[in-house]
Amino acid sequence: MSTRTLLTIESFAEKLKISRSTAYSWLADGKLVVGRHVVRIGRVVRVVWDDDLLAHLLAISVDEAEELRPQFKRNGKGGRNRLAIDPNLLESL
C-alpha cells in the first residue's frame, strides 16, 4: 500500500534532484496533472508524492526517450563506421 505525502515544489524538486524551475515547468507543461499529482488550494501548491506519481514520471521519461532516439540507417555492407543518421529524419525536423 502506498503512502501519500504532500510536498512543496521545493522539496519535490530536491527529492528528484531537479531544479525548482524544472518542477514548475513540468506543472505548466501538464506533466504533473492538477487534481491527480498536484493539489492547489488558492496560491498554495503541493505535490502528492506516492507510487502513482512515480509510475507516471517513469512512463513519461520512457516516452520522451523513445522520441529523442535518433534513427539510423546503414551505409554500405557493414563495418564500424557504416551507420549514419537518416537524412529523411533531418529533413522532417
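Everything quoted here is computed from the prediction, not taken from an experiment.
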Please determine if Arg36 and Asp52 form a salt bridge, counting it only when a charged side-chain N lies under 4.0 Å from a carboxylate O. yes

Side chain to side chain contact (heavy atoms under 4.5 Å, CB included) between Ile41 and Val39: does it pass, once the steps are laid out? CA-CA 7 Å; Ile41 302 170; Val39 177; 4.1 Å; yes

Looking at Leu7, Leu32, Val48, which one forms a side-chain contact (heavy atoms from CB on, under 4.5 Å) with Leu53? Leu32

Residue pair Leu57, Leu16: steps toward the side chain to side chain contact (heavy atoms under 4.5 Å, CB included) verdict: CA-CA 10 Å; Leu57 292 175; Leu16 290 179; 3.8 Å; yes

On a heavy-atom basis, the closest approach of Val38 and Val45 is CG1-CG1, 3.6 Å

For Arg20, enumerate each residue passing the salt bridge (Lys or Arg N to Asp or Glu O under 4.0 Å) test, keeping only those at least two apart in sequence or located in another chain. Glu10

When hydrophobic residues are tied together by side-chain contacts of less than 4.5 Å, even through go-betweens, does Ile18 share a cluster with Val47? yes

For residues Thr22 and Ser19, is any side-chain donor paired with an opposing acceptor at under 3.5 Å? yes

Report the C-alpha separation of Lys15 and Trp49 in whole Å, then their side-chain angles, then the decisive distance to 0.1 Å, and conclude whether the side chain to side chain contact (heavy atoms under 4.5 Å, CB included) test is met. CA-CA 10 Å; Lys15 271 188 177 251; Trp49 183 265; 3.9 Å; yes

State whether the side chain of His37 and the backbone N or O of Val33 hold a donor-acceptor pair below 3.5 Å, judged by distance alone. yes

For residues Ile9 and Ala23, report the shortest heavy-atom separation together with the two atoms involved. CG2-CB, 3.8 Å

Could you give me the CA-CA distance, side-chain angles and deciding distance for Arg4 and Asp51, then say whether side chain to side chain contact (heavy atoms under 4.5 Å, CB included) is met? CA-CA 8 Å; Arg4 292 183 178 177; Asp51 292 340; over 6 Å; no

Going from CH2 on Trp26 to CZ on Phe12, what distance comes out if it is rounded to the nearest 0.5 angstrom? 5.5 Å

